[in-house]
Amino acid sequence: MYAQALDQKDKGPVVVEDAEKMARFEARCAADDKIEPKDWMPQAYRRTLIRQISQHAHSEIIGMQPEGNYITRAPSLKRKAVLISKVQDEGGHGLYLYSAAETLGVTREELTDALLSGKAKYSSIFNYPTLTWADMGAVGWLVDGAAIMNQIALCRCSYGPYARAMIRICKEESFHQRQGYEIMLTLARGSTAQKEMAQDALNRFWWPCLMMFGPPDAVSEHSDASMRWKIKRFSNDDLRQKFIDATVPQGHFLGLTFPDPELKFKEATGHWETGPIDWSEFSQVLAGEGPCNRQRLRVRRQTEAEGAWVREAARVHAAKRAKRKLPAAAE
Ligand code: BYC
């Protein structure tokens with residue numbers, strides 16, 4: 001027998017998987033086959049996917065808040081229309097992702113409860129405040145930019161429903177990234193005050209964006225199994241480096257500086273190298289002590305409570321329709 005629980009990092013119950021099925025599954029992953037909902041899969045693979053996809057969905061939903069706050073404050077009708085559309089896209093991404101997670105046998109209610117009770121994680125970045133209009137530029141350029149770097153790789157994830165959901169999400173995120181960069185460009189070419197606002201937004205978002213890729217590889221709990229099963233195609237550090245290499249020249253083009261005196265291009269490696277990341281800040285945010293953790297969950301819980309009547313009305317409507325259909329189906 002092959003003890004799947006030998007994967008010590010998975011926190012779920014110990015499951016001893018069938019050796020033959022396990023070997024076939026590993027071979028399918030190695031051969032880049034897509035795993036579909038009705039296919040056999042080890043419990044640890046299922047749990048990892050539910051964890052990652054639901055955290056991803058929660059991030060999209062919570063991620064609507066920092067930008068949603070600016071819809072009423074957008075500086076023009078055009079900016080307002082674009083921002084509304086972007087925030088709606090994020091809501092849509094959350095819904096696709098919840099649906100993808102549901103194919104693994106978990107219910108939407110369970111996922112929502114895990115978020116509202118504070119048990120489930122969502123991306124650390126959304127626990128930082130958006131203080132000025134320039135933050136809408138920085139979020140689009142940097143946060144969506146970091147998200148795409150990670151999500152392009154997820155389009156090739158071994159789990160079919162997740163990989164397919166990612167394709168459309170990436171197209172939309174790519175538009176989000178460009179609209180953010182365009183806001184930054186407009187501000188950077190604007191008045192001194194506007195340029196300072198863009199610089200301040202970059203200063204505040206740079207380091208938290210580098211943390212979005214997760215802890216360093218050496219301490220990443222889930223990476224080994226996720227890479228072997230082709231859920232993750234690149235390690236946390238590799239994706240972080242790709243993001244740094246792509247983003248630093250974009251910042252310089254804006255005429256802005258990065259809040260890192262040690263940032264240097266190393267000819268020998270062909271990479272931009274940063275100073276050390278403050279991982280204690282990341283741990284603090286994950287532990288619920290970031291600047292906005294409490295506010296984000298409070299708003300989410302309140303929104304859920306305010307929407308209770310809509311869910312109830314939808315349930316009653318669905319029950320009525322089902323009742324009406326019953327006699328017809330019996331004929
Ligand atoms: N924040 O072993 P590791 C967006 C946790 S939203 C919080 O490396 P893994 C957008 C990790 O969960 C896009 N927690 O984990 C929306 C684990 O804890 P648990 C969001 C983090 O899973 C609105 C522990 O640390 N994107 O685009 O192999 C507006 C150890 O980490 C974070 C996704 O969700 C973090 N940053 O790798 C604008 C992408 N990093 O679960 C934009 C999908 C790590 O054991 N997710 N942790 O309690 C992934 O690709 C992977 O889950 C990660 C982490 C790379 C994030």
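Counting convention: from 1, in listed order, for ligands and their atoms alike.
Of all atoms in ligand 1, listed by their number and element, those nearer than 4.0 Å to a heavy atom of Gln151 are 13 (C), 27 (O). Counting atoms of ligand 1 from 1 in the listed order, those under 4.0 Å from a heavy atom of Ser124 are 1 (N), 7 (C), 35 (C), 36 (N). For ligand 1, the atoms sitting less than 4.0 Å from at least one non-hydrogen atom of Met211 are 36 (N), numbered in the order shown with element in parentheses. Of all the atoms in ligand 1, the ones that sit under 4.0 Å from a non-hydrogen atom of Gln55 are 12 (O), 41 (O).
Between Trp133 and Tyr70, the ring-plane angle classifies as tilted under the 30° and 60° cut-offs. Using cut-offs of 30° and 60° on the angle between ring planes, the pair Phe213 and Phe243 is tilted.
Electrostatic pairing of Arg294 and Glu289 counts as a salt bridge here, judged by a charged N lying under 4.0 Å from a carboxylate O. Note on Arg233 versus Asp32: salt bridge recorded, some NZ/NE/NH1/NH2 to OD/OE distance being below 4.0 Å. Salt-bridge annotation for Lys119 and Glu110: absent, with no side-chain N of the basic residue lying under 4.0 Å from a carboxylate O of the acidic one.
Remark: among candidates Gln177, Glu90, Lys119, Gln52, the nearest residue to atom 49 (C) of ligand 1 is Gln52, based on non-hydrogen atoms.
Polar contact with ligand 1: present for Met212 (N/O pair, distance under 3.5 Å). At under 3.5 Å, a nitrogen or oxygen of Lys232, whether backbone or side chain, sits near a nitrogen or oxygen of ligand 1.
For the ring-ring contact (aromatic ring centres under 6.0 Å, His included) condition, the pairs that include at least one residue of residues 276-305, sequence neighbours left out, are Trp279-Phe282.
If you look at Phe213 next to ligand 1, the close heavy atoms, those under 4.0 Å, all belong to the backbone. Of all the heavy atoms of Leu286, the ones lying under 4.0 Å from any atom of ligand 1 belong exclusively to the side chain. Residue-level proximity to ligand 1 for Tyr122 is carried by the backbone, the only part with a heavy atom below 4.0 angstrom. At a heavy-atom distance under 4.0 Å, only side-chain atoms of Asn236, from C-beta outward, approach ligand 1. Residue contacts with ligand 1, taken as heavy atom pairs separated by less than 4.0 Å, involve His56 via backbone and side-chain atoms alike.
Using a 4.0 Å cutoff on heavy atoms, Glu173 counts as a contact of ligand 1. Contact between Phe234 and ligand 1 is absent, with no heavy atom of the residue lying under 4.0 Å from the ligand. Within the 4.0 Å heavy-atom shell around ligand 1 one does not find His93.
Side-chain atoms of Tyr159 and Thr103, non-hydrogen and from C-beta on, do get closer than 4.5 Å to each other.
In this structure, the separation between CG on Leu115 and OH on Tyr122 is 7.5 Å, given to the nearest 0.5 Å. Arg204 CZ to Leu131 CG: the interatomic distance, rounded to the nearest 0.5 Å, is 4.0 Å.
If you chain together ILVMFWY residues whose side-chain heavy atoms come under 4.5 Å of each other, Val299 ends up in a group of its own.
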